[in-house]
Amino acid sequence: MRFTQEQNSLIGRSGNETLRIEPWGKNALRVRATMLPVFSDNDRALTETVEKGSSSIKITTVPEDGKTIFASITNGLIRAEINSSGIIAFFKGDERVLYEYNRFYGEPLSKESRCLKVAGREFTGLASDSFHLAVHFERNEKEHIYGMGQYQQPFLDLKGCALELAQRNSQVTIPFALSSLGYGFLWNNPATGRVAFGRNVTEWIADETDEMDYWITVDETPAKIVENYTAVVGRAPKLSKDYLGLWQSKLRYRTPEEVLTVARHYHEMGIRLNVIVIDFFHWPYQGSWRFDETYWPEEKVKAMCDELHEMNIKVLVSVWPSVDKRSENYEPMLELGYLSRTERGAIETYDYQGECATIDVFNPGAREYLGERLIENYKRLGIDMFWMDNAEPDTVIYHFDNIRYYTGRSAKVGNEYSKKYLQAIYDSRVKAGDTEIVSLIRSAWVGSQKYGAVLWSGDIPSTFEALRDQVSAGQNVGLAGIPWWNTDIGGFMTDDVNDPDFVELLQRWFEYAVFTPILRLHGDRGPYDIPPLDDRDFGGGYLHTGQDNEIWSYGLEAEAVMKKNLDLRLSLLDYIEGLTTQASETGAPLIRPMFYEFPKDENCYTLDDQYMFGDKYLVAPILNLHQYDRDVYLPEGKWKNIHSGETVDGGKTINCAAPIDIIPVFERM
């Protein structure tokens with residue numbers, strides 16, 4: 001490979017491949033490679049205007065023939081070194097933190113030399129004139145890896161895990177990895193694929209792409225790495241206390257009267273709701289993006305919103321990206337090219353309660369079309385917020401190579417769908433004059449936070465195993481840049497609300513949720529013995545509803561436990577609001593792994609069932625049925641049990657009592 005310097009960038013060329021490395025933010029480099037004649041002008045997730053830094057570039061050649069034997073580029077604390085074969089190694093100071101895997105004989109940057117003929121970067125041509133891409137990096141046996149979004153598994157440390165890079169219900173791919181070796185790595189590519197953080201090799205796969213594109217930063221602490229990362233991809237705006245109390249939801253309130261009955265009861269109890277939610281199938285058809293006049297007449301919706309606003313309650317309404325063939329918007333959107341297409345077969349890709357196509361939010365015209373209807377049909381009536389469900393988007397079968405959007409196939413661009421969907425709502429609300437824009441959403445990609453994403457963890461089961469998964473998922477999704485995150489308290493799918501084991505789970509989940517960014521009651525509660533409002537096969541009256549899901553719905557003991565813990569939450573609102581300010585200024589997550597606050601404590605890198613809520617509170621959820629105590633590790637320092645008031649010296653593991661009304665929480669002194 002021969003190298004040249006073009007302004008601040010190091011350029012390498014060999015055969016048909018062009019490699020470009022350039023400074024991009026604090027202590028960071030952007031690395032691209034392509035087999036095409038030129039690079040695209042698409043910065044993908046690197047959306048923010050930042051000081052890109054200054055580079056120090058060195059190119060060493062053999063004087064006799066001009067052949068390059070070595071090149072390097074430095075930006076602040078990070079340095080990349082590239083040999084004559086184009087193999088890259090990254091350094092933080094003198095410490096090598098990441099380097100490409102290469103098995104051509106005798107490569108000087110490889111730890112081993114084998115005649116396997118496996119390259120660090122492998123482009124395989126596709127019939128679409130794009131490429132299948134595999135990028136390999138060497139293993140480091142001492143490394144821990146975190147981040148990457150939300151996966152339904154108990155593992156906080158992702159070393160040894162293989163992850164699908166694809167969006168599904170409850171799986172959220174945000175391909176930013178934070179390493180215990182002191183670097184952060186962004187796979188700047190919205191293609192579907194996979195990553196394996198193996199014991200033998202780390203392998204990143206893009207199913208379909210035009211070029212390799214990744215970004216890497218180094219720094220002294222995890223907090224500084226996250227700060228560098230969020231500076232280049234965007235940060236969430238500040239979240240006010242108006243959203244930090246209780247959100248009330250169930251599947252599903254079917255009329256304005258049902259909504260108001262619940263809100264009035266809370267008001268009579270002296271409990272202020274921050275948000276109340278109107279869930280799905282309040283519409284005539286999917287893709288109508290309006291209320292069904294039979295059960296939600298405009299005058300009653302307006303009156304409902306007015307009364308809720310008098311109680312200082314915001315109103316959130318569910319919208320989906322699916323468009324039923326019977327909807328009034330289907331034919332116009334089809335003609336305008338605003339629906340996603342398929343490479344093979346009919347364009348309808350979703351069949352829940354109707355034959356549905358999906359809005360193509362990669363098309364700017366489609367985003368504007370959706371936004372206009374949401375403002376006209378909802379905001380005009382007093383609706384404050386939108387719940388963007390099925391945002392992956394959900395499909396009958398996840399055949400990513402069969403779905404085509406405005407900018408390419410789903411296999412090439414699909415992981416960014418939810419971010420574009422969110423942008424449609426955000427842009428329309430900015431145009432309407434809104435200044436505080438918050439949207440609940442079931443999926444996200446890199447940078448979704450800057451559009452006001454409140455991510456929730458999807459339709460998860462009502463089990464202690466699922467609760468355990470959320471504890472790790474919430475920590476990793478925060479490291480990936482999403483500070484506003486929550487779960488369905490009690491899980492989404494419940495067979496029998498009268499089961500005492502479920503009621504215990506609900507109480508434990510509520511206690512955990514108090515120490516998460518958003519406190520939201522929601523769930524599909526069985527048994528399904530409530531008759532529908534009518535016998536039509538469409539509209540707001542025919543679909544089933546679940547059992548009641550308010551804090552008084554599970555007996556007096558459970559009500560008392562949830563009320564006690566809600567009071568605890570309300571006492572923390574000033575503190576939590578301060579954490580949202582930190583998130584907007586530095587990208588710091590509200591839910592923080594132990595090592596984030598204690599990076600020098602080696603024990604903290606292997607703890608995954610306890611965490612810090614901000615910098616002040618250590619939280620240890622109860623994750624098993626009929627469990628009334630647990631071990632908690634306290635780092636060095638003094639800690640106060642917030643329930644008993646007892647002060648304890650850290651640097652050790654202690655056993656803590658956890659009766660049904662509390663979980664162990666310690667305040668850092």
Side-chain angles (χ1 to χ4, degrees), residues 150-157 161 170 456-477 485-516 519-526 549 551 554-555 557-562 564-566 568-569 591-594 603-604 606-613 617-634 639 641-644 648 652-666:
Q150 171 188 286
Y151 289 84
Q152 296 303 323
Q153 58 187 32
F155 310 115
L156 178 65
D157 184 358
C161 292
S170 80
W456 104 93
S457 62
D459 297 343
I460 53 178
S462 296
T463 64
F464 275 98
E465 291 82 2
L467 173 57
R468 172 66 186 84
D469 291 347
Q470 307 323 298
V471 174
S472 290
Q475 295 177 71
N476 273 329
V477 84
W485 177 86
N486 69 113
T487 67
D488 293 346
I489 293 174
F492 179 68
M493 294 172 280
T494 309
D495 293 329
D496 184 4
V497 294
N498 301 307
D499 181 350
D501 290 352
F502 168 72
V503 177
E504 182 174 328
L505 170 68
L506 181 76
Q507 294 171 81
R508 291 306 197 187
W509 206 309
F510 195 102
E511 293 159 6
Y512 156 71
V514 163
F515 294 93
T516 64
L519 181 70
R520 185 177 58 89
L521 269 171
H522 182 63
D524 183 7
R525 307 296 183 225
N549 189 50
I551 67 169
Y554 299 96
E557 180 183 352
E559 178 184 336
V561 169
M562 287 189 277
K564 173 181 177 177
N565 282 276
L566 176 59
L568 173 58
R569 171 74 176 203
I591 295 174
R592 303 174 185 177
M594 294 298 299
N603 294 320
C604 289
T606 57
L607 294 170
D608 55 13
D609 64 350
Q610 62 179 69
Y611 61 92
M612 296 295 295
F613 189 53
Y617 294 101
L618 187 158
V619 183
I622 296 299
L623 302 173
N624 298 287
L625 185 66
H626 306 326
Q627 179 183 359
Y628 303 109
D629 65 77
R630 65 157 290 173
D631 289 343
V632 180
Y633 176 74
L634 301 175
W639 298 86
N641 185 317
I642 70 165
H643 304 297
S644 69
V648 183
K652 60 188 177 184
T653 298
I654 64 171
N655 185 264
C656 301
I660 190 60
D661 59 337
I662 65 169
I663 59 173
V665 179
F666 288 83

Contact summary for [X] and [Y], nearest pair of heavy atoms:
| X | Y | answer |
| --- | --- | --- |
| L519 | V514 | CD1-N, 3.7 Å |
| A657 | P664 | O-CG, 4.2 Å |
| S472 | Q153 | CB-O, 4.1 Å |
| G490 | L506 | CA-CD1, 3.9 Å |
| T494 | S462 | OG1-OG, 2.8 Å |
| A466 | T463 | N-OG1, 3.0 Å |

Between [X] and [Y] (salt bridge meaning N to carboxylate O under 4.0 Å), is one present in this structure?
| X | Y | value |
| --- | --- | --- |
| D488 | R520 | yes |
| R508 | E511 | yes |
| D495 | R525 | no |

Distance, nearest 0.5 Å, that separates [atom1] of [X] from [atom2] of [Y]:
| X | Y | atom1 | atom2 | answer |
| --- | --- | --- | --- | --- |
| D631 | T653 | CG | OG1 | 6.5 Å |
| N486 | W456 | CG | CH2 | 8.5 Å |
| Q475 | L156 | CD | CG | 4.5 Å |
| F510 | R569 | CZ | CZ | 9.0 Å |

> Angle class for the F515/Y617 ring planes (parallel below 30°, perpendicular above 60°, tilted otherwise)?
Replying inline: tilted
Does any non-hydrogen side-chain atom of [Y] lie less than 4.5 Å from one of [X]?
| X | Y | value |
| --- | --- | --- |
| D609 | R468 | yes |
| V471 | D608 | no |
| L634 | V648 | yes |
| Y554 | N549 | yes |
| C604 | Y633 | yes |
| S457 | W485 | yes |
| F155 | C161 | yes |
| D157 | T606 | no |

> Under the side-chain contact (heavy atoms from CB on, under 4.5 Å) criterion, do F502 and D496 qualify, and how do the steps go?
Replying inline: CA-CA 8 Å; F502 168 72; D496 184 4; over 6 Å; no
> Among L623, I622, V632, which residue meets the side-chain contact (heavy atoms from CB on, under 4.5 Å) test with I663?
Replying inline: I622
> What's the verdict on side-chain contact (heavy atoms from CB on, under 4.5 Å) for V561 and I662, showing C-alpha distance, side-chain angles and the deciding distance?
Replying inline: CA-CA 8 Å; V561 169; I662 65 169; over 6 Å; no
> N624 side chain to Q627 main-chain N or O, any donor-acceptor pair under 3.5 Å?
Replying inline: no
> Hey, does the side chain of Q610 reach the backbone of M594 with a donor-acceptor pair shorter than 3.5 angstrom?
Replying inline: no
Is there a donor-acceptor contact under 3.5 Å linking the side chains of [X] and [Y]?
| X | Y | result |
| --- | --- | --- |
| W509 | Q470 | no |
| Q507 | E557 | no |
| D469 | Y151 | no |

> Between C656 and F666, does a side-chain contact (heavy atoms from CB on, under 4.5 Å) hold up when you go through it step by step?
Replying inline: CA-CA 10 Å; C656 301; F666 288 83; 3.4 Å; yes
>> If the condition is salt bridge (charged side-chain N to carboxylate O under 4.0 Å, His left out), which residues does D661 pass it with, not counting sequence neighbours?
In response: K564
>> Which residues pass the side-chain hydrogen bond (donor to acceptor under 3.5 Å, both in side chains) test with D499, not counting sequence neighbours?
In response: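 D499: no side-chain hydrogen bond (donor to acceptor under 3.5 Å, both in side chains) contacts found.
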>> side-chain contact (heavy atoms from CB on, under 4.5 Å) for H626 and D501? Distances and angles first, verdict last.
In response: CA-CA 9 Å; H626 306 326; D501 290 352; 3.9 Å; yes
